[in-house]
Amino acid sequence: MKKVVIFGASGHAKVCIDILERSGGYKIIGLLDSLKPKGLKVFGYPILGDFTVIPDLLKNASELEFFVAIGDNWTRHQIVQKLIEIHPKSVFVNAIHPDAIIGKGVELGNGIMIMAGSIVNADSSLEDFTIVNTRSSVGHESKLKKYSSLAPNCTLAGNVVVGSFSAISISATILNGRRIGNHTIIGAGSLVVEDADDFSVCYGVPAKFVRSRERDDKYL
């Protein structure tokens with residue numbers, strides 16, 4: 001069984017634990033979180049500490065693999081980079097719910113999460129550290145670039161591209177062939193009928209540009 005340490009101890013981590021347990025083949029060693037007390041248990045798994053305990057963990061189990069269970073795209077990136085600085089040979093598992101449907105020819109990166117009821121259709125591509133949340137649908141030949149995310153119940157038609165670090169909020173719909181820029185947020189319930197530029201916030205039916213944003217602006 002693969003030995004896994006999970007970064008984060010919030011609700012997102014609870015979903016990750018549930019997926020890995022249901023998938024089988026994983027032994028969760030514990031969780032790392034800098035904001036919660038060491039020894040606190042989440043679904044029976046202990047918080048082991050923060051980044052400083054990684055060298056000791058690797059001494060006891062050099063084959064450890066990792067999953068970063070952080071919903072915010074930019075924060076997830078920062079944690080992954082910090083881990084790679086500490087342990088350059090880090091391996092990141094995928095958390096794919098057994099009830100998700102993965103189509104033919106789909107390309108999957110590392111460290112991704114695909115939640116229950118989601119559909120990733122044929123010839124789509126999910127790059128590293130992307131998230132497809134509960135009951136979201138990725139149309140054929142669509143692409144989620146690294147560190148992007150779909151909230152629950154999103155619908156991407158075919159040939160959609162979601163840029164790096166961008167977030168599609170709950171129940172948003174993106175029409176066929178549209179391009180969402182990097183570091184862009186599409187608001188909840190929006191209908192995207194035109195391309196969205198980099199570093200923008202867009203929402204509404206149809207979705208319109210509302211304002212610009214910085215790469216580390218909070219959106220959750």
Side-chain angles (χ1 to χ4, degrees), residues 2-8 12-13 15-20 22-26 28 32 63-152 154-168 174 178-186 198 215 220:
K2 293 183 177 181
K3 296 179 180 179
V4 180
V5 171
I6 297 171
F7 286 77
H12 198 71
V15 176
C16 176
I17 290 169
D18 180 52
I19 291 174
L20 294 182
R22 289 172 182 268
S23 299
Y26 300 96
I28 301 171
L32 299 179
E63 73 280 12
L64 271 184
E65 299 183 12
F66 302 93
F67 189 86
V68 179
I70 301 294
D72 181 86
N73 295 333
W74 184 250
T75 304
R76 186 165 66 260
H77 163 73
Q78 290 179 306
I79 291 175
V80 169
Q81 294 305 116
K82 178 67 173 178
L83 176 55
I84 291 173
E85 288 177 11
I86 296 171
H87 182 45
K89 295 183 179 180
S90 296
V91 175
F92 298 92
V93 303
N94 289 334
I96 301 175
H97 198 283
D99 289 338
I101 298 174
I102 310 297
K104 186 173 182 177
V106 170
E107 296 182 0
L108 300 178
N110 299 309
I112 67 174
M113 178 181 274
I114 304 176
M115 298 188 193
S118 295
I119 302 172
V120 183
N121 277 298
D123 267 352
S124 292
S125 172
L126 308 184
E127 294 186 357
D128 294 346
F129 305 106
T130 50
I131 297 171
V132 178
N133 221 304
T134 310
R135 295 181 62 191
S136 282
S137 176
V138 179
H140 61 82
E141 301 165 283
S142 291
K143 176 177 286 189
L144 300 187
K145 293 191 175 181
K146 62 182 182 179
Y147 295 101
S148 62
S149 60
L150 306 183
C154 290
T155 301
L156 307 188
N159 294 287
V160 170
V161 176
V162 178
S164 299
F165 300 96
S166 292
I168 313 302
I174 303 178
R178 301 306 183 263
R179 300 293 187 267
I180 307 301
N182 301 319
H183 296 277
T184 288
I185 307 299
I186 303 298
D198 296 346
R215 64 184 183 179
L220 294 177

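Aromatic ring centres of Phe7 and Phe66: separated by under 6.0 Å.
Side-chain contact between Lys145 and Val162 is absent, with no heavy-atom pair separated by less than 4.5 Å. Between His12 and Met113 the shortest side-chain heavy-atom distance falls below 4.5 Å. The shortest side-chain heavy-atom distance between Leu126 and Val132 falls under the 4.5 Å cut-off. Residues Lys2 and Tyr26 have side chains in contact (heavy-atom distance under 4.5 Å, counting atoms from C-beta outward). Annotation: side chain of Leu108 is in contact with side chain of Ile114 (closest heavy-atom distance under 4.5 Å). Proximity of Met115 to Ile131: side-chain heavy atoms (C-beta onward) are separated by under 4.5 Å at one or more points. Counting heavy atoms from C-beta outward, Trp74 and Tyr147 have side chains that stay 4.5 Å or more apart. Put simply, the side chain of Asn159 reaches to within 4.5 Å of the side chain of His140, judged on heavy atoms.
Smallest separation of non-hydrogen atoms from Arg76 and Gly71: NH1-O, 3.1 Å. Between Gly163 and Ser148, the shortest heavy-atom distance links the atoms O-CB, 3.4 Å. Residue Asp72 comes nearest to Leu220 through the heavy atom pair N-CD1, 3.4 Å, listed as atom of the first residue, atom of the second, then distance. Closest approach of Phe92 to Val80, counting heavy atoms only: CZ-CG1, 4.0 Å. When all heavy atoms are compared, the tightest approach of Ser136 to Cys154 is OG-N, 2.9 Å. Shortest non-hydrogen contact noted between Cys16 and Ile6 is SG-CD1, 3.8 Å.
The aromatic rings of His77 and Phe165 lie perpendicular to each other, with more than 60° between the two planes, well past the 30° mark.
Of the charged side-chain nitrogens involved, at least one lies within less than 4.0 Å of a carboxylate oxygen, so that Arg22 and Asp18 count as a salt-bridged pair. In this structure, Glu63 pairs ionically with Lys3, as a charged nitrogen and a carboxylate oxygen lie closer than 4.0 Å.
Within a 6.0 Å sphere centred on CZ of Arg179, other residues, nucleotides and ligands contribute more than 12 heavy atoms. Heavy-atom neighbours of Glu107 CD from other residues, nucleotides or ligands within 6.0 Å: at or below the threshold of 12.
Residues satisfying the salt bridge (Lys or Arg N to Asp or Glu O under 4.0 Å) test with Arg215, not counting sequence neighbours, are none.
Annotation: the span from His183 atom NE2 to Asn73 atom CG amounts to 9.5 Å, rounded to 0.5 Å. Atoms CD and OG, on Glu85 and Ser90 in that order, are 10.5 Å from each other to the nearest 0.5 Å. A distance of 8.5 Å separates OG in Ser124 from CG in Leu156, rounded to the nearest 0.5 Å. Once rounded to the nearest 0.5 Å, the distance linking CD of Glu65 with CG of Asn110 reads 10.0 Å.
Considering Ile185, Val161, Ile168 as possible partners of Ile180, the one that fulfils the side chain to side chain contact (heavy atoms under 4.5 Å, CB included) test is Ile168. Paired with Val138 under the rule side chain to side chain contact (heavy atoms under 4.5 Å, CB included), one option of Ile119, Asn121, Leu150 passes, and it is Leu150.
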Only pairs under 3.5 Å count here: list side-chain donor-acceptor contacts from residues 94-106, not counting sequence neighbours, and write none if there are none.
{"residue": "Asn94", "atom": "OD1", "partner": "Gly111", "partner atom": "N", "Å": "2.8"}
{"residue": "Asn94", "atom": "OD1", "partner": "Ile112", "partner atom": "N", "Å": "2.9"}
{"residue": "Asn94", "atom": "ND2", "partner": "Gly109", "partner atom": "O", "Å": "3.0"}
{"residue": "His97", "atom": "ND1", "partner": "Asp99", "partner atom": "N", "Å": "3.0"}

